K.L.:
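First, the structure itself, so that you have it in front of you.
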Amino acid sequence: MDEKLPPPSPQEQAATLERERHSRRTFLMNVGIALNAAVAAVIATPVVVYLLGPVLRRNEYRSWIAIGNTSDFPPGETKLVKYRNPYTDPSDGATGDIPAYVRCAEPGSFTVFAINCAHLGCPVRWFAESQLFMCPCHGGVYYADGSRASGPPERGLFTYDYKLVNNELHIDAGQMPTLANQAKNDLPVINNSPKGCGSCAG
């Protein structure tokens with residue numbers, strides 16, 4: 001005959017229930033911790049990427065970009081060019097294209113101006129007839145060498161650093177022009193023409 005086991009004592013039943021409750025509690029706690037960790041990772045990832053972006057993409061910030069052959073910029077002329085911002089993603093589309101003005105004072109001597117007015121950043125336009133840069137927003141006017149002529153700006157146009165590489169003009173595209181750059185209106189002036197540009201007017 002089968003022997004029936006004696007029913008567990010109340011103490012044994014309580015211990016079994018406690019073990020089961022502890023096991024369920026531990027499982028649910030582990031699941032909750034895992035879910036919270038996953039949510040935290042999803043939220044934190046873009047923040048970390050944003051904060052570490054300058055470090056992770058330091059090479060892009062230091063990029064020198066070719067904007068044309070030196071023969072594309074005849075002496076005495078100012079031309080509008082565009083370059084691709086090195087710190088962009090493919091999804092940025094046309095917003096990653098940044099315009100700038102290149103002026104050749106004399107063969108081998110260039111100035112690359114940021115297109116933004118030094119007042120509030122509106123894009124300036126070059127008028128070859130009057131040899132002036134003009135801002136349509138608040139009436140800022142600049143001479144051909146980028147120095148301030150009139151209007152609310154307190155300084156000249158911002159400029160990029162440049163170098164010549166195998167007859168190509170390269171600019172330091174990772175260095176966005178700021179007030180740290182020397183003001184163009186600090187240039188010496190001789191006979192109302194920028195120094196070194198006496199043969200470039202016109």
Side-chain angles (χ1 to χ4, degrees), residues 59-88 92 94-202:
N59 289 334
E60 285 88 339
Y61 276 116
R62 295 176 176 173
S63 294
W64 287 82
I65 303 289
I67 58 174
N69 195 283
T70 54
S71 61
D72 297 333
F73 310 108
E77 292 189 14
T78 299
K79 296 183 68 173
L80 180 67
V81 297
K82 287 187 178 180
Y83 71 89
R84 187 71 178 173
N85 186 343
Y87 190 56
T88 55
D92 292 333
T95 60
D97 296 329
I98 300 178
Y101 285 106
V102 179
R103 180 166 182 81
C104 177
E106 56 189 25
S109 177
F110 301 91
T111 307
V112 184
F113 302 107
I115 196 173
N116 306 97
C117 178
H119 178 222
L120 293 178
C122 293
V124 299
R125 293 183 59 193
W126 167 249
F127 292 87
E129 301 82 3
S130 57
Q131 291 289 291
L132 294 171
F133 293 99
M134 296 185 184
C135 176
C137 295
H138 304 101
V141 182
Y142 306 87
Y143 293 117
D145 70 331
S147 59
R148 176 186 177 276
S150 66
E154 297 182 356
R155 54 150 293 152
L157 291 173
F158 298 113
T159 59
Y160 291 89
D161 292 333
Y162 79 89
K163 64 182 178 180
L164 301 178
V165 180
N166 297 327
N167 293 323
E168 279 190 333
L169 181 63
H170 290 232
I171 62 170
D172 185 1
Q175 166 243 298
M176 299 301 290
T178 66
L179 285 172
N181 290 347
Q182 181 181 1
K184 294 303 293 178
N185 54 9
D186 287 343
L187 290 176
V189 174
I190 299 176
N191 295 329
N192 296 324
S193 296
K195 185 178 181 181
C197 294
S199 62
C200 305

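Every heavy atom of this structure was used, including side-chain atoms; hydrogens, water molecules and symmetry mates were not. Quick caveat, the model's predicted, so the values are computed rather than measured.
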K.L.:
Looking only at atom types and distance, does a side-chain atom of Tyr101 sit under 3.5 Å from a main-chain N or O of Val124, one as donor and one as acceptor?
P.N.:
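Yes; at least one donor-acceptor contact below 3.5 Å.
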K.L.:
Would you compute the distance between atom CD1 of Ile67 and atom CD of Glu168 and round it to the nearest 0.5 angstrom?
P.N.:
10.0 Å
K.L.:
For Pro153 versus Ser150, what's the shortest heavy-atom pair and its separation?
P.N.:
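Closest approach of Pro153 to Ser150, heavy atoms only: CD-O, 4.1 Å.
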K.L.:
Between Arg84 and Asp97, does a side chain to side chain contact (heavy atoms under 4.5 Å, CB included) hold up when you go through it step by step?
P.N.:
CA-CA 5 Å; Arg84 187 71 178 173; Asp97 296 329; 3.2 Å; yes
K.L.:
If you look at every heavy atom in Leu157 and Ala114, which pair is closest and at what distance?
P.N.:
CD2-O, 4.4 Å
K.L.:
Would you give the length of the straight line joining atom CZ of Phe158 to atom SG of Cys117, rounded to the nearest 0.5 angstrom?
P.N.:
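So the gap between those two atoms works out to 8.5 Å.
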K.L.:
Rounded to the nearest 0.5 Å, how far does CD1 of Ile171 lie from OH of Tyr162?
P.N.:
12.5 Å
K.L.:
Using the ring pair (Phe, Tyr, Trp, His ring centres under 6.0 Å) criterion, which residues pair with Tyr142? Sequence neighbours excluded.
P.N.:
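So Tyr142 forms no ring pair (Phe, Tyr, Trp, His ring centres under 6.0 Å) with any residue.
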K.L.:
Please report the closest heavy-atom contact between His119 and His138, naming both atoms and the distance.
P.N.:
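Smallest heavy-atom distance, with atoms named: ND1-ND1, 3.6 Å.
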K.L.:
If the test is side-chain contact (heavy atoms from CB on, under 4.5 Å), which one of Ile115, Asn116, Thr111 qualifies with Phe113?
P.N.:
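Going through Ile115, Asn116, Thr111 one by one, the side-chain contact (heavy atoms from CB on, under 4.5 Å) with Phe113 is satisfied by Thr111 alone.
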K.L.:
Relative to the ring of Phe73, is the ring of Phe110 parallel (under 30°), tilted (30 to 60°) or perpendicular (over 60°)?
P.N.:
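Ring orientation of Phe110 relative to Phe73: perpendicular.
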K.L.:
Assess whether side chain to side chain contact (heavy atoms under 4.5 Å, CB included) is satisfied between Arg148 and Tyr143, documenting all intermediate values.
P.N.:
CA-CA 6 Å; Arg148 176 186 177 276; Tyr143 293 117; over 6 Å; no
K.L.:
Applying the side-chain contact (heavy atoms from CB on, under 4.5 Å) criterion to Leu169, which one of Val81, Asp72, Leu164, Asn69 satisfies it?
P.N.:
Leu164
K.L.:
Kindly say whether Pro136 contributes a backbone atom to a donor-acceptor pair with the side chain of Arg125 at under 3.5 angstrom?
P.N.:
no
K.L.:
Tell me the closest heavy-atom pair linking Pro107 and Cys104, and the distance in Å.
P.N.:
N-SG, 4.2 Å
K.L.:
Taking all heavy atoms of Thr78 and all of Arg103, pick out the closest pair and write down the distance.
P.N.:
OG1-NH1, 2.8 Å
K.L.:
Would you call Trp126 and Gln131 a side-chain contact if the rule is heavy atoms closer than 4.5 Å?
P.N.:
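Yes - at least one pair of side-chain heavy atoms lies under 4.5 Å apart.
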